[in-house]
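Worksheet: one structure, shown below.
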Amino acid sequence: MSTHLVVRTPVLSGRVPVRSVAVAVLGGCLLVLTLAWSIGAGDFPIPLADSLAVLAGAGDPAHRFVITELRMPRAAVALVVGASLGLAGALFQTFARNPLASPDVLGITDGASVGAVFVIVSGSSAGVLATGISALGVAAAALAGALLTAAALYLFAWRRGIDGTRFVLIGVGLGAVMTAGVSWMLSKAAIYDLPAAFTWLAGSLAGRGWHEVTPALYALAVLGPVAIVLSQTLRVLQLGDDSARGLGVRLQVAQLSILLVAVCLTAFAVSAAGPIDFVAFVVPQIALRLVGGSRPPLISSAILGALLVLLADTVSRVVLPTELPVGVVTAFVGAPYLLWLLTRTNRKVSA
Amino acid sequence: MTTIAPSRERPALAGTTAAAAAPRRRLVLGLAVLGVVLLVAIAASLAIGSKPLGLGTVWRVLGENDGSDAAIIVHELRLPRTVLGVLVGLALGMAGSLMQGHTRNPLADPALLGITAGASVAVVAAIKFLSVTSPIGYVWFAMAGSVVAAVTVYLIGSGVSRTPSPLSLVLAGTAVTALLVSLTTSLLVNDLTTINAYRFWIVGSLAGRGMDVATQLAPFLIAGVVVALAHSPALNLLSLGDDIARGLGQNLGRARAVGLLATTLLAGAATAACGPIAFVGLVVPHVARAWTGPDYRFLMPYAGLLGAILLLVSDIVGRVVVRPGELQVGIVLALIGGPFFIALVRRRRLSSL
Amino acid sequence: MTRLQAVDLSVGYGDRSVVTDLDLAVPDHAITTVIGPNGCGKSTMLRALGRLLRPTVGHVVLDGRRIDEISTKQVARELALLPQAPIAPEGLVVRDLVARGRHPRQSWLRQWSADDEQVVAQTLDWTAMTDLADQPVDQLSGGQRQRAWIAMALAQQTDLVLLDEPTTYLDLSHQIDVLDLVRRLNSEHGRTVVMVLHDLNLAARYSDHVVAMRDGVIVAAGPPAAVITPDLLREVFGLDALVIDDPVTGKPLVVPIGCV
């Protein structure tokens, strides 16, 4: 059993493939380095060693101030949002046995967009928020939009239980309605509201901080462990409904809890940073190809998701001549990597 | 136990062929019904609008362009958008069926081949760098963008294995699409003028397109329709799985190339004409399949006719609901089509691909 | 009283009843085979016995309790079932498939105990799959794949095993191979097996108890020699046949003549 790592104590036992541990550990190290780079870079540069020291809880007080007050909040948004989206994507794709079934196609992000764009567009033209857009207002509206869409999705998809294909198709239908709503609002919007709306729709971390990330952080803290617990059920569900029930899985309960966790993770993440569409789709597929096996690994997906978003945001903020929305950069970083993996690994690909 | 019961099954077999013939007649009849519905929709599209015209008037001015107000409205405004609506609807319905058939994925639509995203990048670049701002000006940029994107997706998809598998196409398509969308967004960031023009293109509309748009794109659309119809027996084989299709003598690589060529012609030209109208390609094949079952020889024309009807009806509704203004067809489509699609999915057991 | 029983069982889809008023006591520590023509309700009954289908009337009893009142995980520790033609996700290797049979005995703290490891190793060994343990299931031959799935059901370590047409799509030697495995399961471990088979001669050869069904009801049940008779074959299958003694096993051997 050299390909697996076995943990065994009287109360606790487990077994994980060595490759998934390696990917997670390596991803984690890269994540810490990227974080150190991210919080070190800016108008007041801090050397890597000093940022690492601050991360470890020590370091120069001036450095501590700059990092914890100014740069850490934005980095935290990137980490939380990336991890949530990676995790949610892995859950959706395994559940529906379809790599296209990421939260972006299920209408949940589109529901968030309707809420956010509505506030952006009506806010300033109606003069209610004369000093500009209250960021919290946008985030709250986005969250409400996402959760309402998800509730509608459950309501419509529930018919003596949840069926994977029906669930996804109804999500697609809802998403189309929401997208049309966004397009319509944009075509009616006052011209000076357009840049803000477009920036939000592209997914951006500019100006985001603890205010926006706190709800998403709580959601991840609660739902992340739940997802890990559910992963045991997930791997049995993969054998098909009959086999799963034969192995003692309560099918409806299991499916509903997986979907609920994935939907909430997405809703909170999107409300914090806008629809960073590509992460939930690409990260689980990359993680699957790195780890191997028959389904996207959850923990590695979360770590790589955080890494991708943080890396993209830092590149956008530090390296690029003009700052681009993070959603744009994640695609520039993630898509070529997926394509490269696709052409390189000639094995049969699976969800 | 094949040794059992041949004599018992013979009458049953005869029964099934008789039973299979009946739906066939029903399917042919259904095509005729859809054709009639389409004619009604065309007539309505010519008659209904901010200035309603009687059918008699429409018929008269169609016959001779007498220079009256009615004649100008019909010839300059309603005829082009009706012709375009029929062609584009037909194209998108068929392109969607082709795409779902080739990827064997119920979520696939022509956008997956990068067509919408490719067209968008090209149009945004044309607006930004060449100051093009009219629908007729967008046409060739959009068409070129679609084709380049689709070919790229196809080549990357086939790079994985020599004949692209459904899944590698889906993944390559999504990745390329994401790249192109990001490229579009980065061109738009902080450029208010471009955003302002782009937002009216991305909505998807039949309005403001003259007959010249229709005549320029008609060759592509018609070629696409012909190839798609001729291609449907091959799709029937492919739907049994790659191995069986190959065993039955189908050249997989060629079939996939032909199918995607037709998709590109159809969806590329449709997008060039009206902007991205995503929903038709996704929904119409499901509606058609619920009706015809998995036989692509029927599914293809059904999807085409349904697409044309859906697009025309949505356009008409868009002209009527917010008079004197107009709601763009893309929006109406989603607002009508979305709930309808959800109801359909709930009611029926969807046939898998 | 036997461990697994069906009491006054009716099962249907929608308003169509497939199994009607059926009573069955599955003999413990024996191999029971259900035979009958296509569409007679064999698989439906088996799925109801394995609590995959909820009866419209009556119930299934496991150890004196109604099976729908026992938690599904608890049932999975007593009863394993293998659906017809199951499909493994791409890329899953044999060892991991077999390990998933341990699910009913795992909790999220206790995910991989020494017991689990030992049982999976033994099962692989016992089914002669050790050499193939690291092969993806979707790349195995039909016979090997079926062995892998049976191994998964075996790793569940239940006294009761339900198999829905375990020999479908297999060539004759692989059918024999799989059924020998089932036979050993019964003789070496005393497991109770219920399976659905199409081949009457294999059913006669490998079963202790045969249940013949037609149109959703049991027509006859008992030892193979008592059930598989020319009269019954005529009644249940509409088949005119000679039944002789199998020269190898002495069990009944069906030689079809033609259809009635």
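Here is how names work: the chains are called A, B, and so on, in the same order as the sequence lines, proteins then strands, and each is numbered from 1.
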Are L327(B) and W184(A) packed together at the side-chain level, in the sense that at least one heavy-atom pair is separated by less than 4.5 angstrom? yes

Q) Got L192(B) and Y192(A) here, is their nearest side-chain heavy-atom distance under 4.5 Å? A) no

Heavy-atom pairs under 4.5 Å with chain B are the metric here; pick the option from [options] that has the most.
options	value
P325(A), A331(A), S183(A), G175(A)	A331(A)
A189(A), G171(A), G327(A)	A189(A)
V182(A), L186(A), V329(A)	L186(A)

Item to check | Any donor-acceptor N/O pair, R199(B) side chain to L194(A) backbone, under 3.5 Å | outcome: no

Top contributor to chain A interface from [options] [non-hydrogen pairs under 4.5 Å]:
options	answer
A172(B), G330(B), G204(B)	A172(B)
L335(B), V332(B), N196(B)	N196(B)
L179(B), V203(B), T177(B)	L179(B)

Per-residue contact mode, [X] against chain B (heavy atom under 4.5 angstrom):
X	result
L324(A)	side chain
L201(A)	neither
S187(A)	both

Exercise: identify the closest heavy-atom pair between [X] and [Y]:
X	Y	value
A335(A)	A175(B)	CB-O, 3.5 Å
A334(B)	A176(A)	CB-O, 3.4 Å
S186(B)	V328(A)	CB-CG1, 4.0 Å
A202(A)	T185(B)	CB-CG2, 3.4 Å
P195(A)	I195(B)	CA-CD1, 4.4 Å
P339(B)	V177(A)	CD-CG2, 4.0 Å

Honestly, the part of L188(B) sitting under 4.5 Å from a heavy atom of chain A is side chain

When the 4.5 angstrom heavy-atom criterion is applied to L282(B) and chain A, the contacting part is side chain

CD1 (I342(B)) and CD1 (I170(A)) are apart, to the nearest 0.5 Å, by 6.0 Å

